[in-house]
Structures are given as C-alpha cells and as structure tokens.
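Report on the structure given below.
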Amino acid sequence: MLFYIVACTIIVCAIVTKRGGCCLKKVFFYLRPHVPRMILGVTIKFTGTIMDLFLPWILSYLIDVIVPRKHMSEILFFGFLMLVCSVIAWSGNVIANRMASRVARDTTQRLRHDLFRRISYLSCRQTDTFTIASLESRLTSDTYNIHQMIGMMQRLGIRAPILLLGGIAMSMFMEPVLTLVLLAALPFVAVTVFYISRRGIPLYSQLQRAVDRMVRVVRENASGIRVIKALSKTEYEKERFKAANENIVEKETKASVTMAASNPLMNLFLNAGLTLVVVAGAFRVDAGKTQTGTILAFLTYFTIILNAMLSINRMFMLFSKGSASARRISEVLDTPEDLQIIERDHRDTEYHVQFDHVSFSYHFGRSEVVSDISFALKRGETLGIIGATGCGKSTIINLLIRFYDADQGTIRINGDDIRGIPSSELHEKFGIAFQNDVLFADTIGENIRFGRKVSDEEIDRAVECAQARPFISELEEGTGYRLAIRGSNLSGGQKQRVLISRALAAHPEILILDDSSSALDYQTDARLRQALAENFSGTTTIIVAQRASSIRHADHILMLENGREIGYGTHEELMASCEPYRQISISQMGGDIYEASV
C-alpha cells in the first residue's frame with residue numbers, strides 16, 4: 001500500500017505540470033517489476049521519517065515536563081530514547097536510499113536496453129527523422145535524467161510529504177493557534193510551485209534539443225578530425241562548438257533560473273510566516289498560554305516543514321527534467337514499425353533478383369532519387385551499376401536490402417516480394433561491403449566474423465579471395481591484429497579488403513560491393529574479380545563502381561543519370577549504344593579498349 005504513496009506523488013507532479021502523462025506511463029511500466037523492493041524500501045523510509053518527527057516532540061516533553069522534576073534517571077531515559085530514534089531514523093534513511101538507488105539503477109538499465117534495442121530496429125527513414133545525434137542524446141543524457149527522477153521520487157517522494165504533513169500535524173497537536181498562522185503562508189507556496197513548474201518542462205525540452213545539436217557537432221568533429229586538421233579548420237570548428245555550447249548554457253541557465261526562483265520565494269513566504277509565529281508565540285508565552293519547550297519544538301517542526309517544502313520543490317525540478325526526457329524517449333519507444341511485413345507474395349520466376357519499375361524519394365513529395373528502374377538477374381549473374389555521383393547507385397542497394405521501401409514498383413528475390421520477407425531472413429541472404437563502411441576496435445578476425453557463426457577456415461578463404469592475405473600475413477598477429485577505432489591504423493585499400501572479406505565470409509546468396517574497391521590498384525582489383533568468378537560463381541553479385549574496369553566483365557551493366565536508366569546491357573552493347581558509358585570507358589581505359597570492343 002505504501003508503494004502508492006510514490007504513485008500519488010508522481011500523479012501530483014503530473015497534474016501540477018500538466019505535461020507528465022508520458023513520464024507517468026513509462027515510469028509505472030518500468031517500475032512494475034520492482035514493486036516488492038519498493039514497498040520494503042518505502043516501509044523502511046516511512047519508519048525512519050516517523051522517528052525524525054518524534055524527536056522534537058520528545059525534546060519538548062523533556063524540557064517542559066521531565067527536566068522540572070529533576071529526576072536524572074528519567075532525563076537519561078528520554079535522552080537515550082532520543083538517541084535510539086536518531087539511530088533508527090539515520091539507518092532507515094540510509095538503507096532506504098540505497099534500495100532506491102538500486103531500483104533507479106535497474107529500472108534505467110532496462111529502459112536504456114529497450115531504447116537501444118528500439119533504435120537498432122528503426123528504419124533508415126526514421127533514423128534520418130530523429131537524427132543520430134538526437135538518438136545518442138536520448139540514450140545518454142535523457143536516460144540519466146530518468147534515473148535521477150526515479151531515485152529522487154523514492155527518496156524525496158516519501159520523506160518530504162511525510163515530513164511536511166507530519167510536521168504540520170505534530171505542530172497542530174502541540175500548538176493549534178501558531179500552526180494556523182504558519183499555514184497561512186502555504187497557499188502562496190503552492191501557487192509558486194504550480195506556476196514555476198508549468199514553465200519549467202518546456203524549457204528543459206528546449207535544453208535537450210540544444211544538447212542534440214552539440215552532440216551532432218561533436219560527432220562531426222570526431223569523424224572528420226583528419227579533414228579538419230588537413231584544411232586548417234580547427235579554429236572554425238572551435239567556433240561551431242562554442243556556439244553550440246553557449247546555446248546549451250543559455251538554455252540551461254534560463255531553465256535553472258526559472259526553476260530556482262521557487263526557492264527564494266518559498267523561503268520568503270515561509271520565513272514571513274515564521275516571523276508571525278515567533279511574534280505570536282512570544283505573546284502566548286508571556287500570557288502563560290504555552291511553554292518554552294513547546295515553542296522550541298514548534299520552531300524545530302518549522303525547520304522540518306521548510307526543508308520538506310524545499311525538498312518537494314527540488315523534486316518538482318527533477319520531475320520537470322525527467323518528464324521532458326521521458327517524452328523524448330517515448331517518441332522513440334512508441335514509434336510504430338515503418339517497414340511492415342506484408343502477406344507473402346510469391347511468383348514463380350527464373351530470376352533471382354528483380355526490380356520492376358521501381359521509383360523512390362527520400363522525402364515524400366520531393367523529386368525522385370531513382371525513377372522507373374527495372375532489371376532482372378538470374379542466380380550467379382553479376383550486375384554492374386555505374387554513373388555520376390548522386391545518380392542513385394547506392395539508393396538501389398538500400399532498396400534491395402530494404403533499408404527503405406520503394407514508393408512505386410516491386411522488388412523480388414527468388415520470386416518473393418521483399419516486403420513479405422522477415423528482415424532477419426532477408427538480411428541473411430546478403431554479404432555487403434558498403435561505400436563508407438565501419439571497422440570496429442577489435443581484431444581483424446572478429447571484424448570479419450562480425451558475431452556470426454563463421455569458422456576460422458571460412459575466414460581464411462574469405463581473406464584469400466578478398467586479396468587481403470598479402471598484408472595480413474605481414475602482421476605479426478595475423479588476423480589477431482587489433483584495429484583502432486574505424487580501422488584508422490590500416491590504409492584505405494587494406495580497410496576495403498577487410499570489409500570485402502567480411503562480406504564474403506558467410507558465403508552469401510547475394511553479394512553487394514558498393515564502390516568497395518575504389519582504393520584498390522588495378523591489378524588487385526582484377527585479381528579480386530577473378531577470385532570472385534572462380535569461388536563465388538553461384539552467388540548473384542551487384543557491384544557499384546566508379547571505374548568501368550571494375551564492371552566491364554559483368555553480365556549486365558546499368559548506367560544511371562539523375563536517377564534514371566540511360567543504358568542497360570553488356571559492356572560491348574553499351575559501348576555501341578550508350579554514349580555516356582562509351583565516354584567514361586574511353587577516358588578511364590583508353591582508346592585501345594574502345595577499338596577492341598567495336
């Protein structure tokens with residue numbers, strides 16, 4: 001039952017701020033498994049808090065009743081009783097606070113895990129909408145704010161209301177008249193908390209968006225540090241970071257000043273009430289209507305009430321930050337699945353991969369990135385895609401892997417519409433080396449294995465085929481050589497060969513090389529293509545390239561311009577029928593190649 005005190009405290013915060021529904025929903029969902037532990041912690045906290053409330057009353061009774069009797073045994077007894085209450089209050093609060101910290105830790109850990117999992121399954125379109133920087137901020141600073149809120153709601157959400165209400169009740173029991181004088185200040189305090197809390201949450205939401213912008217600047221600087229240094233743009237980037245940092249300081253200052261205004265106002269109202277209490281108390285003592293010990297206890301209870309009000313104000317501040325963060329986290333957790341699995345649509349066909357009049361735009365209503373693309377590949381055939389930068393080559397790959405859904409047209413693998421294939425089943429068909437792929441700070445072997453059930457023998461075959469053996473054999477640790485972050489201790493060509501090894505290791509059904517051999521010299525590139533033809537003849541291969549030599553021997557070549565097909569066929573056919581392809585081939589491979597092709 002005591003657990004519901006916490007619930008009621010959160011509900012009061014939500015009502016006061018009028019923006020806490022999202023936070024309330026998520027907090028209750030993730031706190032539910034910890035209810036037994038919270039009940040025990042609340043019981044201990046409640047006991048310790050009650051002991052705190054008894055201390056001033058015992059002191060008052062000791063001064064007004066026991067001391068005048070001059071019985072040392074009674075004085076020592078009540079002194080010992082106060083010591084016991086103090087020990088129980090201290091130990092109870094310490095134990096309960098530790099339990100509250102564990103609940104906050106475990107709850108936030110589960111929330112962070114679920115958030116990371118949901119981020120991992122966001123579609124590329126959804127990730128583009130949220131932005132990577134914002135997702136990183138939600139996973140770090142926002143979950144920290146939730147951790148703070150849950151912990152303080154258990155620590156202050158129990159203790160502060162009990163001290164406030166208990167202090168008022170005890171002072172009312174001891175001196176009703178003076179208590180009524182003090183209570184006259186509480187409506188002003190309530191209005192202050194209500195007004196400031198309503199203004200606080202929007203300010204903290206703005207602060208978190210400013211954090212998103214700073215995280216984006218930091219990510220851009222970290223990933224582009226070499227370019228920044230090479231072009232002497234360090235000072236420029238420092239100014240960018242300074243602007244983002246100052247924006248955070250401005251937002252945080254505004255939010256903090258707004259929320260902090262409640263403390264001096266509360267002190268003003270409560271101390272004004274205390275002044276009236278002292279004046280009224282002096283007249284009552286002089287008139288013999290109350291005793292000195294009672295006034296002393298009353299002033300102690302006033303201190304308790306004041307500290308409880310300040311704690312409640314702090315709780316509202318933490319709730320404001322936590323509520324703003326909870327809404328941002330909920331936006332991610334409640335994001336619906338973008339790439340829905342439709343009913344399986346199968347058509348018997350001889351083709352392994354088919355694009356049927358596919359069109360796509362990254363932003364709805366804007367110009368199409370690829371338009372009316374159609375081709376068909378039989379199992380084991382190779383498709384080369386070539387064209388100028390930005391013509392939609394990588395977009396075709398993204399659509400085939402179903403990172404995005406096509407706006408029009410159909411994509412099929414083995415006759416199945418890819419929208420009806422579960423993502424885990426679909427992605428297992430591919431071996432991929434992207435244009436800007438990532439190597440992790442791990443060994444070469446683990447980067448190639450990539451958490452899959454790939455044997456060492458399969459890794460060795462992939463390394464051999466990808467032409468990575470020559471440089472790996474020169475390393476003392478071989479495939480056990482540990483890479484730096486993003487593989488910065490390898491050259492561009494070495495990184496590409498490791499990435500191609502990763503793509504080949506599981507012997508995929510469909511191999512995609514998205515401009516992944518651009519850093520290889522012509523001889524290594526030729527040996528790679530020959531090895532693929534010999535060892536992966538049954539694998540359907542799609543090669544995106546800028547060099548005509550990389551796709552010259554492909555079974556089909558797709559020439560793109562501004563997202564549209566301007567040529568499709570073999571190298572010889574395109575040399576005869578597609579002027580842009582012929583110009584690229586001649587400029588890259590020389591006139592003798594042109595003469596040989598015609």
Side-chain angles (χ1 to χ4, degrees), residues 352-353 377-385 393-394 396-398 400-401 413-414 424-440 442-475 478-481 483 487 490-545 547 549-551 553-555:
H352 189 194
V353 176
L377 301 177
K378 295 180 180 179
R379 185 177 294 273
E381 290 188 331
T382 298
L383 171 69
I385 305 178
K393 301 186 298 297
S394 295
I396 291 177
I397 302 303
N398 290 335
L400 176 60
I401 306 169
I413 296 178
N414 292 323
S424 58
E425 179 185 342
L426 175 66
H427 294 156
E428 284 181 354
K429 299 177 181 295
F430 296 100
I432 308 170
F434 287 109
Q435 181 177 1
N436 297 309
D437 217 331
V438 177
L439 289 172
F440 297 90
D442 206 335
T443 64
I444 291 178
E446 287 305 315
N447 269 279
I448 296 174
R449 182 175 285 110
F450 208 57
R452 299 169 295 180
K453 295 180 180 179
V454 178
S455 65
D456 292 339
E457 292 75 14
E458 289 173 317
I459 290 178
D460 289 337
R461 285 197 296 268
V463 167
E464 193 71 39
C465 184
Q467 307 305 305
R469 176 67 64 197
F471 85 86
I472 290 179
S473 61
E474 295 176 358
L475 302 173
T479 55
Y481 179 73
L483 302 182
L490 296 180
S491 69
Q494 290 171 339
K495 284 192 288 187
Q496 286 192 339
R497 281 177 279 177
V498 172
L499 293 169
I500 294 172
S501 300
R502 177 196 294 172
L504 298 175
H507 206 92
E509 181 180 325
I510 301 172
L511 175 64
I512 296 176
L513 303 178
D514 184 4
D515 202 18
S516 56
S517 61
S518 56
L520 303 183
D521 60 83
Y522 282 94
Q523 289 185 347
T524 304
D525 190 15
R527 288 196 298 269
L528 170 63
R529 286 185 278 109
Q530 182 179 356
L532 290 177
E534 294 175 355
N535 299 287
F536 291 85
S537 58
T539 298
T540 303
T541 305
I542 299 178
I543 302 175
V544 175
R547 296 195 305 219
S549 61
S550 298
I551 59 172
H553 298 287
D555 299 293

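No hydrogens, no waters, no symmetry mates; every other heavy atom, side chains included, goes into these values.
Legend: residues meeting ring pair (Phe, Tyr, Trp, His ring centres under 6.0 Å) with H507, ordered by chain and number and at least two apart, are F536. Partners of E446 by salt bridge (charged side-chain N to carboxylate O under 4.0 Å, His left out), not counting sequence neighbours, listed by chain and number: R449.
Under the 4.5 Å side-chain criterion, counting only non-hydrogen atoms from C-beta, I542 is not in contact with I396. With a 4.5 Å cut-off on side-chain heavy atoms, V498 and I448 count as touching. L383 has its side chain out of reach of V353: every pair of non-hydrogen atoms, C-beta onward, lies at least 4.5 Å apart. Annotation: side chain of L426 is in contact with side chain of I413 (closest heavy-atom distance under 4.5 Å). Looking at I543 and T382, their side chains come closer than 4.5 Å, going by heavy atoms from C-beta outward. Between R497 and L528, the closest side-chain pair of non-hydrogen atoms is not below 4.5 Å. Looking at R461 and N535, their side chains never come closer than 4.5 Å, going by heavy atoms from C-beta outward.
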Next item on the list: May I have the step-by-step check of side chain to side chain contact (heavy atoms under 4.5 Å, CB included) for L511 and L504, ending in yes or no?
Entry: CA-CA 8 Å; L511 175 64; L504 298 175; 3.5 Å; yes
Checklist line | From CA spacing to verdict: side chain to side chain contact (heavy atoms under 4.5 Å, CB included), V463, I444 | finding: CA-CA 10 Å; V463 167; I444 291 178; 5.8 Å; no
Notebook entry, point to check: Yes or no on side chain to side chain contact (heavy atoms under 4.5 Å, CB included) for Q467 and L520, after CA distance, side-chain angles and deciding distance?
Noted result: CA-CA 10 Å; Q467 307 305 305; L520 303 183; over 6 Å; no
Next item on the list: Evaluate side chain to side chain contact (heavy atoms under 4.5 Å, CB included) for K429 paired with N414, printing each intermediate quantity in order.
Entry: CA-CA 11 Å; K429 299 177 181 295; N414 292 323; 4.0 Å; yes
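With values rounded to the nearest 0.5 angstrom, I459 atom CD1 is found 6.5 Å from T479 atom OG1. Taking CG of N398 as the reference point, atom CG of D514 lies at 7.5 Å (rounded to 0.5 Å).
E509 and H352 are linked by a side-chain donor-acceptor pair at a separation below 3.5 angstrom, with hydrogens and angles left out of the test.
Under the 4.0 Å criterion applied to side-chain N and carboxylate O atoms, K393 and D515 are not assigned as salt-bridge partners.
The closest donor-acceptor contact from the side chain of R502 to the backbone of N447 lies under 3.5 Å. In terms of modelled atom types and a separation under 3.5 Å, the side chain of T539 and the main chain of P508 share a donor-acceptor contact. Within the 3.5 Å criterion, the main-chain N or O of E534 finds no donor-acceptor partner in the side chain of S537.
The number of heavy-atom neighbours closer than 6.0 Å to CD of Q523, taken from other residues, nucleotides and ligands shown, is 12 or below.
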